[in-house]
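Shown next, in structure tokens, is the structure this report addresses.
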Amino acid sequence: MSFPLLTATAALPAIGAVATAAVPAARRNAAKSLALLVSLATLALAIVILVRFDPDGDRYQLTESHSWIKEFGVRYELGVDGIAVVLIALTALLIPFIILAGWHDADPLETGSKRWRPTQGFFALILAVEAMVIISFEATDVFLFYIFFEAMLIPMYFLIGGFGDRAHQHGEETASTQRSYAAVKFLLYNLAGGLIMLAAVIGLYVVAGNFSLTEIAEARANGTLDMATNTERWLFLGFFFAFAVKAPLWPLHTWLPNAMGEATAPVAVLITAVVDKVGTFAMLRFCLQLFPEASKWATPVILVLALISIIYGALLAVGQRDIKRLVAYASISHFGFIVMGIFAMTSQGQSGATLYMVNHGISTAALMLVAGFLISRRGSRLIADYGGVQKVAPVLAGTFLIGGLATLSLPGLAPFVSEFLVLVGTFARYPAIGIIATFGIVLAALYTLVLYQRTMTGPVKPEVSAMPDLRVRELLVVAPLIVLLIFLGVYPKPVTDIVNPAVQQTLSDVHEKDPKPEVEAAK
């Protein structure tokens, strides 16, 4: 029996979470070091998956299948395609940086604090989220996926509500109330989506007789499983609603600014760069593969919602006074691009959307983590409380600028390639949608450059005059992310080579081909 590599990659952070939580309360640094080591070991396993995966091989590789709940046809089935492989690698890559960035975020508020293992709990919860996200990317049994899709809400709820941002302008009591509100709103929105999806999962079982993604998709392809049109559409809507909440897509997005604003910067990165990617990934894996006709039926409406997300998120980012909420609304705009690329139903659009998931994760992590370092120094999230930072902390300002330029998709940085592919793929089939979406790029330049101008340039405010520059630990967090943004901006081929075959198979699932360009014949 071959080594269960996929199980090991998900199980390692789960075991590490339990071990980290069990470290004695007096040994906080040991808990931090253990969590970091576990995350690095998980990254090593993810790299092994990346190396062993053959883009030109079978669609699902490194597969594992075991009977679980035989009476209901539930199996423990895992497998990865090219899309899942790059997202597992992204998750495993970001977690060590999240842990390093949050090294002191869960230290007791005062000496002699009696809170129950605050540090151990914080890092254990991060590892628990990593385990659940990874197995969600690996699961090819719909019921297995659903369990972890919902279960990851629990540790995220405690990370938002229990370990919130300390840089609050209205006192600890008000901050605690707002953290609780943000955590509950996050949980209720995602639980509502999950409950609707559960009804659709049960409906799928009634129709198909099992939960195996590969068996159901194969049966649909060869005609042995024929869903009624209305049945397929209702099931699609049940799945899509849950994924649109997680993504988040307008108008189901309102939980995200609260959650990111009240969470610590590393947890905000965990939300938008890691957890939310499960929603857009699931649209590709489950919506398009299980319900191809319903996906095409819903495409016009979904593209309009994605377009609204792009413009609406960017407009609200322009008007923000809070740094973290600005990044949150920018992410809503970026997720609109990702959803638009998925449902453009072209190879460029879907390759760009998958690449965008990776590049958005890296760029948002870079920008938000540097913003977190900035906020921790000044003790304020308000843009108006800063000014002239680049004169006293030039390295911090420089990395903040690069993260911001990546966010606005500057050519030469990673997000530009993915955004370009999404727009090209969308324009090829829906030119009006593609043209209007380009205004999101203009607005991104506006909110990013205005943010930099107001915080980093101008006269040095007295409150920031003694601000220290990035420390060694912080440079270890930011520098690799900046290098990746530049590398993938110049040479995205390593990712696109893995992703493109999986995208072609997804297009085949929905019986779509790239539209041929209308070129006038040469005379």
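Model, not experiment: these values are computed from the prediction.
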Under the criterion side chain to side chain contact (heavy atoms under 4.5 Å, CB included), which of Asp276, Leu90, Ile338 is the partner of Met357?
Ile338
Glu419 and Tyr356: side chain donor to acceptor below 3.5 Å:
yes
Residue pair Asp141 / Leu213, side-chain heavy-atom distance below 4.5 Å:
no
Flag side-chain contact, heavy atom, 4.5 Å: Glu474 against Leu100:
no
My understanding is that only one of Leu252, Leu153, Leu195 makes a side chain to side chain contact (heavy atoms under 4.5 Å, CB included) with Asn190; could you say which?
Leu153
Pair Ser333, Tyr312: side-chain N/O donor-acceptor within cut-off below 3.5 Å:
no
Would you check if the distance from the ring center of Phe343 to the ring center of Phe240 is below 6.0 Å?
yes
Tell me which one of Tyr60, Phe148, Phe281, Phe145 satisfies ring pair (Phe, Tyr, Trp, His ring centres under 6.0 Å) with Phe137.
Phe281
Using the ring centroid of each side chain, check whether Phe337 and His360 are separated by less than 6.0 Å.
no
How long is the gap from CZ on Phe186 to CE on Met260, to the nearest 0.5 Å?
12.5 Å
Does the side chain of Leu159 come within less than 4.5 Å of Phe122's, by heavy atoms?
yes
Looking only at heavy atoms, which two atoms of Asn258 and Lys185 are closest? And how far apart?
OD1-NZ, 3.2 Å
The reported gap from CD1 in Ile83 to CD1 in Ile88 (rounded to nearest 0.5 angstrom) is 12.0 Å
With a 6.0 Å cut-off on ring centres, are Phe163 and Phe158 close enough?
no
Judged by modelled atom types alone, do Glu77 and Thr63 share a side-chain donor-acceptor pair under 3.5 Å?
no
So which heavy atom on Ala92 is nearest to which on Thr42, and how close?
CB-O, 4.2 Å
side-chain hydrogen bond (donor to acceptor under 3.5 Å, both in side chains) evaluation trace for Tyr447 with Thr407
CA-CA 10 Å; Tyr447 63 69; Thr407 298; over 6 Å; no
Does the Lys NZ or Arg CZ of Lys32 fall within the cation-pi geometry relative to Phe123 - under 6.0 Å from the ring centre and within 45° of the axis?
no
Report yes if the side chains of Tyr76 and Ile135 come closer than 4.5 Å at any heavy-atom pair, otherwise no.
yes
Is it the case that Thr506 and Gln350 place a side-chain donor and acceptor less than 3.5 Å from each other?
no
Any non-hydrogen side-chain atom of Ile375 less than 4.5 Å from a side-chain atom of Ser380?
no
